Structure formats: C-alpha cells, structure tokens
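Small disclaimer: the values here were computed from a predicted structure and weren't measured.
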Amino acid sequence: MTVAGQLALALVLLMTRVMAEDSHVIGIEQHWVAEPPPGVHVTAAYGVITCRCVATDRLVSVAVGGAVMSELHATTSGGDGIVAMRRIDDGIDIRPGTPLVLEPGGLHIMIMGLGERPRAGDRIPATLVFEEAGAVDVVFPVAARPAAGMEE
Amino acid sequence: MKRRHLVRGILAGLLVVATVIGAMELHRRQVEDVEVAIGGPFSMLAHDGTRVTQDDLTGRRSLVFFGFTYCPDICPTTLVQVASWLQAMEGKGDLIDAYFVTVDPERDSPERMAEYVSYFSDRITGLVGTVDELRQMADSYRLYYARIDLEDGNYTMDHTAAIYLMDGDGTFFDAITMTASFDEAVAKLTRLVEDG
C-alpha cells in the first residue's frame, strides 16, 4: 500500500471512530429533583432522557451524590385505583428517537437517605449508567414540586 | 333454507346484544353499589393532637385521601395537587376540610404528619390511627393498603389513591382520581360545595 493509501485508510478509520462516538449520545433535559418536605429523607428525580443513537440503549443504574440509595422505580396504578411503587431491576430501554420520560406518577429515580435536606435551588450531582453509553454525569437542580402537578 | 339461516342469525345477534347490555347494567349497578358504600365510622388522631371522627364531617364538605410520608413520588404529587385545588377554591372553599390519612402508622407519628402536611398547605389535616383504627377506617372507606417489604429492609406501601369527596352528611359524594386534570378537580369541588 502506498503512503497515500495508508494515510487515506488511517483517515477513514479515524473518521469512522469519531462518527461512531458521535452517533451514540445520551442527552437529558427538564431534569430536576423534588425538594422533600421537612423531616423526609426520600424523594425522586425526574427528567427526559434521549439517545441520539442507532441501537437501543438501556439505563441500568443511577448513583445520586450524597444519597444512601438511588434506584429506578415505577409508580403504577391499576383500574382499581390502587397505586404501587416497584423497583425496576432490569433497567429501562431507550430507543433511538423515543425519549425516556421520568415524571411524577410514573417512572422515576427514587432517592433515599440524603444526609442534608436538599432545598430548591440546590444542585445534586448524579451519574446515570447506560449499558452502551456507560456512565453519564448529570447535575440535577432541586425544585419544589410545581403547583399544577403532573400537567407541568 | 336461506331464510331460516337469516332468522337464526338475527336471533343469535339479538341474544349477544342482550347479554352485553345485561352485563353492562350489572357492572354499572355493582360500581354504584361500591361507591354508595364508601364512608362510615372512623376515629383518628389529627396531627394537632385532637381527635377526628365521622361526626366531624357533618355540616362540612370533606376531602379524604390516603398515603404515607415515606412515599417519594405519588403522595407528595397528590398533596401538591390538593393544595392547589384548595387554593383555587379560596373564598368558596371555607366549608372544605381536607384529610390526609396515613396508611403507615408504624412510621408516621402525629408530629411527623404535622411537619409533613404543613409543608404543602395549612388547609390539610394529617390523620394517624392505631393499627386497629386504620383497619376500621379502611373498612369504612373500602381502602386497600398493603405493606411491601424491600430487599434492603425498608418497605413501601401499596394503597388506594382516589380522593374521596364526602358531603354534609358525611356520606360519599364523588371521587377524584389520579388522572383528573386541575379543572376537572376544581369543578368537582365546586359541585361538592354547592350540592353536597
């Protein structure tokens, strides 16, 4: 192979790598941690997670700074009006082009055992771990729950 | 004979329609029976240390709902919603008492409930009962609740999430479900004040 050919090949390989990295990007927006009422050491984090990717990725775990425990949970309600909250053990799939919505009354990150009570305006660092994308660091702003509830 | 087939077909069709209508009517009656049966005797400790019973609902309009303070998602969401409805009812909502009843008396003391509910609104009263008192109220209100143990030694509670509206006689008037919009909820509360 000529020098020019080798250079061209190297360039192609480099570009492929850059494109591959660039083609799997996790984004999170509208993310927040609910300010817990006084005396309460449990709360939840919410947000909209997107994957600019070709293949489906999976959110497998979450670590929230300063918390004893943080887990993926789902609040579900049946037609009988009974609500239940369950841990999601297998992670949550994120398909290309379909945002994963964590919201009050649905999927959320349950946070337990925050040492000091977070207040609106505080910022809490967290790491979201994805099967493909690996660890993604996110800073969650703390906010009081909006008055209109789920419609917000 | 084609004609006989047609008649049979029509008869079979009518039978199906009649069965469906009958089943729907039966279901409707059952649902109504359940709704009528919600409410009845209870005696609980309010977060300020006073006792609240069924008699306290008389002459008032009440909003009764259930949850627990260790609940990270749905309970605080509901409390914020109820607080916003009560605020929207200001002026015509003076008749309304709102009661947040804990299904977790093991962890929720009156003091803890006081701190918790007052974070959301000064219009909401937290109610705590003994295990037996909660059982009695659950029977009266057709409430389902169950302790679900978690692997780490903590536990969560499953429970009925509907918000019951009780009229001036302390009997069931209507319910607001989790999925109700702000406007629907305020409309129901307005009807409760005017007609309840």
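Highest contact tally toward chain B, considering only G81(A), A84(A), A44(A), is held by G81(A) [criterion: heavy-atom pairs under 4.5 Å]. Of the residues considered (I111(A), V40(A), V83(A)), V83(A) shows the highest number of contacts with chain B, using heavy-atom pairs under 4.5 Å.
The part of M110(A) that comes within reach of chain B is its side chain, from C-beta onward, which places non-hydrogen atoms under 4.5 angstrom from that chain. Within the 4.5 angstrom heavy-atom criterion, no atom of F66(B) approaches chain A. In this structure, no portion of Q87(B) lies under 4.5 Å from any heavy atom of chain A. For I148(B), the part lying under 4.5 angstrom from a heavy atom of chain A is the side chain only. Residue T177(B) does not touch chain A at all, counting heavy-atom pairs closer than 4.5 Å. Both the backbone and the side chain of A161(B) come within contact range of chain A, with heavy atoms under 4.5 Å apart.
Under the 6.0 Å cut-off for aromatic ring centres, F140(A) and H31(A) qualify, their centroids lying closer than that.
Tracing side-chain contacts under 4.5 Å through hydrophobic residues (I, L, V, M, F, W, Y), one never reaches L45(B) starting from V101(B); they form parts of separate clusters. Grouping the Ile, Leu, Val, Met, Phe, Trp and Tyr side chains by contacts below 4.5 angstrom, directly or via other members, places V138(A) with I49(A).
With hydrogens and angles ignored, the 3.5 Å screen pairs a side-chain donor or acceptor of R58(A) with a backbone N or O of D90(A). Checked by atom type and distance alone, the side chain of D108(B) pairs as donor or acceptor with a backbone atom of T69(B) at under 3.5 Å.
Remark: R107(B) qualifies as a cation-pi partner of Y155(B) under the 6.0 Å distance and 45° angle criteria applied to the six-membered ring.
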